[in-house]
Number of protein chains: 2
Amino acid sequence: MRNTLRAESGVRYLSDEQRADPLFTNSIARAMQVLAAFHHADRPLSLADIAQGAGIDRSAAQRIVHTLRSLGYIRRDAEDRGYLPGIRILDHTLDFLRMDPLIQRATPVILELRRNVRERVDLSLFDGQRVVYAARMQSKRETFYATLVGHSVPTFCSSGGWAIMARLSEEEASAIVKASDRMPFTPRTLTDPDHIMEEVAATRARGYSIAVEQILLGEVAIGVAVTGPQGRPVAAIHVAGSLSEWTAQDFSTRVAPLALEAARAISHI
Amino acid sequence: MRNTLRAESGVRYLSDEQRADPLFTNSIARAMQVLAAFHHADRPLSLADIAQGAGIDRSAAQRIVHTLRSLGYIRRDAEDRGYLPGIRILDHTLDFLRMDPLIQRATPVILELRRNVRERVDLSLFDGQRVVYAARMQSKRETFYATLVGHSVPTFCSSGGWAIMARLSEEEASAIVKASDRMPFTPRTLTDPDHIMEEVAATRARGYSIAVEQILLGEVAIGVAVTGPQGRPVAAIHVAGSLSEWTAQDFSTRVAPLALEAARAISHI
DNA sequence: TTGTGTGTATTGCAATGCGATACACTTGCA
DNA sequence: TGCAAGTGTATCGCATTGCAATACACACAA
């Protein structure tokens with residue numbers, strides 16, 4: 001009875017599963033939808049923008065924004081022209097980063113790795129169809145996106161994603177690839193599921209992945225999986241270099257052994 | 001009428017201001033309190049831990065955790081022994097970092113600064129009694145805490161905090177110092193309000209702060225304020241060096257001019 | 001066993017959040 | 001200058017929705 005009522009009222013921005021769940025607290029979901037409205041924003045948002053982005057009406061947006069603002073999760077921008085995410089978000093970021101045992105163990109190891117290879121080293125966490133950057137150790141010449149924790153790239157076309165999929169069952173990996181919306185990043189990005197699965201098989205055979213210009217032109221990346229309990233892949237280490245300095249072969253010959261050793265040091269709780 | 005009801009029911013974990021506000025949505029606040037329960041945690045939390053940390057009962061904690069988990073903001077830990085912050089938090093971190101115009105402008109500048117000074121450079125944001133690290137460019141020899149975005153240090157005893165307070169009115173700065181719970185980090189941390197305000201005055205006179213072993217023994221830090229519209233300080237750049245390599249004097253002579261120039265490049269929208 | 005700790009499930013009641021509506025103010029176009 | 005469309009803000013009655021009590025299944029230890 002109450003579930004049918006729930007299901008009929010409100011906007012359709014939640015999954016059926018969630019709306020059918022009697023324990024599910026809608027107002028929390030709406031609040032998070034409001035925060036998530038910033039995901040697709042490229043400028044400060046107005047109340048109307050937020051309402052639209054979150055799939056709620058202006059009135060609800062008003063109250064929710066008001067509340068989140070008074071808690072510090074949303075703020076007005078410097079010229080008072082719109083809303084921006086608030087600084088309290090970073091408190092939770094810190095909680096995530098410091099409480100994750102994997103990241104705790106990984107940090108000194110990837111720092112050491114970067115010292116040895118002198119190229120950019122990243123740690124990314126497996127999250128279904130994407131991998132999320134949790135730490136980046138930039139190389140000397142890096143200029144942009146130096147520390148954007150939270151950036152994510154698709155699993156299907158990244159060195160880390162390939163390394164992770166090589167540790168999953170064929171079916172599970174294939175399911176991820178097929179479910180992904182495979183937009184190419186560069187002309188060389190692999191988008192055909194069969195080609196991708198061949199790459200995953202090659203990765204499984206050699207123990208690490210070699211991704212050439214999959215995300216960025218001129219970049220080669222080596223990926224190795226990090227496994228947790230029961231041998232399941234939970235993250236990946238990747239090292240990225242420039243094709244103006246390396247051939248893909250030379251790069252992997254030099255970097256892969258070190259990256260594999262680092263991954264082994266972190267893996268298996 | 002309804003406000004008295006609100007004020008009487010529930011636990012006392014919200015400010016009077018918030019409970020008196022008819023637009024304030026309590027259930028959102030409770031959800032955020034649940035997430036904030038991790039702030040003081042050093043191991044995965046049980047439902048009971050969360051209930052206690054958030055000041056709610058087990059029943060409420062159950063529903064809220066359930067909801068936040070189904071949304072990805074909370075997860076079970078790898079051995080299924082407790083709850084941890086979930087990876088979706090990083091999505092909001094990214095929103096915060098990339099949408100903040102100050103951080104956008106600052107990133108290339110502090111990278112350039114790090115290249116020039118070859119020491120650790122940080123950008124921290126002013127948030128009342130604390131300053132929050134938003135970006136860190138580590139030096140070569142850095143080993144821990146390399147990229148813990150979200151870390152914060154007190155305004156009253158950090159190089160960045162002094163630089164920021166030097167741009168506030170005497171009253172405002174003094175209010176921050178007095179309101180702070182001035183626990184010393186090292187034996188040399190200044191805790192007496194008068195001494196701190198002298199340091200702030202010296203900072204105002206010379207244009208940058210010099211903090212010697214205020215947070216960490218063996219460390220000297222130079223701080224310069226970054227200002228926003230109307231000349232209000234909104235952030236600080238700081239450069240930290242080791243007293244085993246530098247005297248405080250030499251360090252500031254070498255670093256301060258470059259840091260000041262960087263701050264000028266970012267300041268004043 | 002018994003006890004204390006987990007996490008999970010169900011339910012009726014009423015407190016609470018919803019959403020319609022109205023208003024003050026700014027901006028931009030005619 | 002006036003109108004229109006945008007902004008953010010305020011109010012309020014109704015019924016939806018979240019609350020809190022209770023019960024259960026499953027651990028692990030004593």
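Owing to the predicted nature of the structure, the values given are computational and were not obtained by experimental measurement. Letters A, B, ... are given to chains in the order of the sequence lines, protein chains preceding strands, and every chain is numbered from 1.
At a threshold of 4.0 angstrom between heavy atoms, the contacts of B:Ser59 include nucleobase atoms, whether or not backbone atoms are also involved.
Residues A:His39 and B:His92 bring their aromatic ring centres within 6.0 Å.
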Dot-bracket for DNA chain C, please. Rules: Watson-Crick or G-U, both distances under 3.5 Å, ( ) within the strand, [ ] when a pair crosses earlier ones, | for another strand, . otherwise. |||||.|||||||||||||||||.||||||
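When rounded to the nearest whole Å, the span between CG of B:Asp57 and P of D:dA20 equals 5 Å. Per the geometry, CD belonging to B:Glu79 stands 17 Å off P belonging to D:dA27, to the nearest Å. The CD1 atom of A:Ile64 sits 15 Å away from the P atom of D:dT9 (whole-angstrom rounding). Summarising the geometry, the separation between CD on A:Gln33 and C1' on C:dG17 is reported as 17 Å, rounded to the nearest angstrom. For A:Ile56 and C:dG17, the CD1 to P distance is 14 Å, given to the nearest whole Å. In this structure, CG of A:Asp77 is placed 14 Å from P of D:dT7, rounded to the nearest angstrom. Here C:dT26 presents its P atom at 14 Å from CZ of A:Arg76, a figure rounded to the nearest Å. Rounded to a whole Å, the CG atom of B:Asp80 is 14 Å from the P atom of C:dT6.
Judged by atom type and distance alone, A:Arg58 does not reach the base of C:dG19 through any side-chain donor-acceptor pair under 3.5 Å.
Inter-residue side-chain proximity for B:Ile87 and B:Tyr73 is flagged as unmet; no heavy-atom pair is nearer than 4.5 Å.
Between D:dA27 and B:Arg81, no contact under 4.0 Å exists linking OP1 or OP2 to a side-chain N or O. Between B:Arg63 and D:dA20, a side-chain N or O to OP1/OP2 separation shorter than 4.0 Å is absent. Dashed line: the shortest gap from a side-chain N or O of B:Arg30 to OP1 or OP2 of D:dC19 is under 4.0 Å. The side chain of B:Arg69 places an N or O atom within less than 4.0 Å of a non-bridging phosphate oxygen (OP1 or OP2) of C:dT8.
Closest approach of B:Leu45 to B:Ala37, counting heavy atoms only: CD1-O, 3.8 Å. Closest non-hydrogen pair, B:Ala263 versus B:Ala225, comes out as CB-O, 3.5 Å.
Look at B:Arg167 and B:Glu172 and you find no salt bridge, because none of the NZ, NE, NH1 or NH2 atoms lies under 4.0 Å from a carboxylate O. Salt bridge A:Asp49/A:Arg58: absent, no basic N to carboxylate O contact under 4.0 Å.
Residue A:Met32 forms a side-chain contact (heavy atoms from CB on, under 4.5 Å) with just one option from B:Leu68, B:Ile28, B:Thr67, and that option is B:Leu68.
In this structure B:Phe156 satisfies the ring-ring contact (aromatic ring centres under 6.0 Å, His included) test with no other residue, sequence neighbours excluded.
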Output, in order, the C-alpha distance, side-chain angles, deciding distance and verdict of salt bridge (Lys or Arg N to Asp or Glu O under 4.0 Å) for A:Arg81 and A:Asp77. CA-CA 6 Å; A:Arg81 299 181 150 276; A:Asp77 94 311; over 6 Å; no
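Formation of a donor-acceptor pair under 3.5 Å by the B:Ser152 side chain with backbone atoms of B:Val132 is not found in this model.
A heavy atom closer than 4.0 Å to some atom of DNA chain D occurs in A:Ser46, A:Leu47, A:Ala48, these being the qualifying members of residues 39-51 of chain A.
Sequence order on DNA chain D of the closest nucleotides to B:Ala60 and A:Gln62 puts A:Gln62 first from the 5' end.
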